[in-house]
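None of these values were measured; they are calculated from a predicted model. Naming convention: chains lettered A, B, ... in sequence-line order (proteins, then strands); numbering from 1 in each chain.
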Number of protein chains: 2
Amino acid sequence: MLKRENVSLSVIRRLPRYHRFLADLMRTGTTRISSKELSRRMGLTASQIRQDLNCFGGFGQQGYGYNVEQLHREIGLILGLDKQYPAILVGAGNIGRAIALNFDFSQMGFDLIGIFDIDPSIIGMQIGSLKVEDAAGIDAFCREHHPRVAVLTVPRSAAEQMAEQLIHLGVSGFWNFSHYDFSVKYPGVLVENVHLSDSLMTLCYMVRDLSEKETRDN
Amino acid sequence: MLKRENVSLSVIRRLPRYHRFLADLMRTGTTRISSKELSRRMGLTASQIRQDLNCFGGFGQQGYGYNVEQLHREIGLILGLDKQYPAILVGAGNIGRAIALNFDFSQMGFDLIGIFDIDPSIIGMQIGSLKVEDAAGIDAFCREHHPRVAVLTVPRSAAEQMAEQLIHLGVSGFWNFSHYDFSVKYPGVLVENVHLSDSLMTLCYMVRDLSEKETRDN
DNA sequence: TAGATTGTTAATCGATTAACAATC
DNA sequence: TAGATTGTTAATCGATTAACAATC
């Protein structure tokens, strides 16, 4: 897993999906798989799978295919799931709590070490193994524990100011659930925007589009 | 808004973002905007914005630009946000509850009319204006109310069976939060997959990649 | 009218697919 | 060895960007 250097984002975004399908295969006891068979299951082309994997090295063997367990492990290493970077979550409302409770951050390369909110009725609440802390203490916390990444589950109105504060405190990656779109403003900062409403609106378009076609066809 | 027909998914996925930025502009009282200025704010090219919009019609005026309010409204119509289609949510765990509580479905083209779960300790729980119903009653409910779309927030193990059941009951669109990847298996069914763990893993890759570069540079 | 900015066509770029020699 | 399947190069396709005439 050495060949990389400027691998395109389209390829990177497919890696977690490969990882997931390979985990499924392991669960069902499959030990080897060809790019052709994997492409059939994932709805891709075999060519694309081979191209994608060869950005990082030759994990397969001619005439045999890929070893499922090995490939799963290699992709995990490429994604960086083997080490845990410290992360904090800011905004312990419904979405924030759901994420803190539902995600095993340690399986995804992170260690969730702090949860913050400004609402006195939420501060002190136990969420999994962590207790919600007062957001006023974020500065001190960051200076001590140096989180690399922040999950931003605050309302839109608080997002901009909080993002800037965290960037100054050394946070360089954001998993952003707020409606605030800050990828443009701070170059160099890594942002993975999760605009759930954008996703739902896209589905809305597709559903409308389908019913229009059905109407025309009848 | 008549020109469409096979507009690419890449374009569609940008529409909700335009919609959001235009809403922001309205909020700050801006009444007109050029593709150039909008491109600067959104981090796109002006060319792309004009190309995107012209898939659906000429909303601008030479020498003037676009009327913010009109463009916002037109994009809303293109996305289909003006009518509400009935939707249900299946799986009222942490994520399901957070979504039901946080999203104003009516603003995104849907009307959330039912929430279901199988867990007796959750059934009957009040979530916003709805009460969680027993999933055993989904068949009867669908035959009566004909939801077009289902939000799938069930665990992976329950997802496949539930998806098939709902497809048979006439549900044709899914907002899928489960780890189950069913876009491949049921052609014709519209699926918007929200694989949050894929998103977090992508961020993991980016953060690792950045620190490797920093290490090299020093 | 002059300046600005669109709508649209043409050029470029990047990503996907196809093909095939290498090789297990 | 023969068959299968990779790694990789070349061809195709689609999406983005640039250019510019039309026009408000």
Does a side-chain N-to-carboxylate-O contact under 4.0 Å join B:Asp181 and A:Arg20? yes

Is the distance from OP1 or OP2 of [N] to the nearest side-chain N or O of [X] less than 4.0 Å?
| X | N | answer |
| --- | --- | --- |
| B:Tyr66 | C:dG7 | yes |
| A:Ser47 | C:dA18 | no |
| A:Arg50 | D:dG7 | no |

Any base atoms under 4.0 Å from B:Thr45, or only sugar-phosphate, or nothing? Heavy atoms, all strands. sugar-phosphate

Measure [atom1]/[X] against [atom2]/[N] and give the value in whole Å, please.
| X | N | atom1 | atom2 | answer |
| --- | --- | --- | --- | --- |
| B:Leu53 | C:dT8 | CG | C1' | 14 Å |
| A:Arg32 | C:dC24 | CZ | C1' | 11 Å |
| A:Tyr64 | D:dT6 | OH | P | 11 Å |
| A:Leu71 | D:dG7 | CG | C1' | 14 Å |
| B:Gln62 | D:dT23 | CD | C1' | 5 Å |
| B:Arg14 | D:dT17 | CZ | P | 8 Å |
| A:Arg13 | C:dT16 | CZ | P | 13 Å |
| A:Gln48 | D:dT12 | CD | C1' | 14 Å |

Nearest-0.5 Å distance that lies between atom CZ in A:Arg17 and atom CG in B:Asn193: 7.5 Å

Residue met sooner reading DNA chain C from 5', once B:Gly63 and A:Ser10 are mapped to nucleotides: B:Gly63

Closest contact, heavy atoms only, A:Tyr180 versus A:Ala159: CB-CB, 3.5 Å

Kindly assign one of parallel, tilted or perpendicular to the pair B:Trp175 and B:Phe103, based on the angle between their ring planes and the thresholds 30° and 60°. perpendicular

Taking the six-membered ring for Trp, are the ring centroids of B:Phe116 and B:Phe141 within less than 6.0 Å of each other? yes

Listed nucleotide nearest any side-chain atom of [X], set [options]:
| X | options | value |
| --- | --- | --- |
| B:Gln61 | C:dT9, D:dC24, D:dT9 | D:dC24 |
| A:Ser35 | C:dG7, D:dT6, D:dT16 | D:dT6 |
| A:Ser34 | D:dT6, D:dC20, C:dA19 | D:dT6 |
| B:Gln51 | D:dT17, D:dA15, C:dT6 | D:dT17 |

Within 45 degrees of the axis of the six-membered ring of A:Phe177 and under 6.0 Å from its centre: does A:Arg156 put its NZ or CZ there? no

Test B:Leu22 against B:Met26 for side chain to side chain contact (heavy atoms under 4.5 Å, CB included), laying out the working first. CA-CA 6 Å; B:Leu22 289 163; B:Met26 282 166 70; 5.5 Å; no

With pairs defined as Watson-Crick or G-U wobble and both distances under 3.5 angstrom, please note down DNA chain C as a dot-bracket string, | for pairing with another strand. ..||||||||||||||||||||||

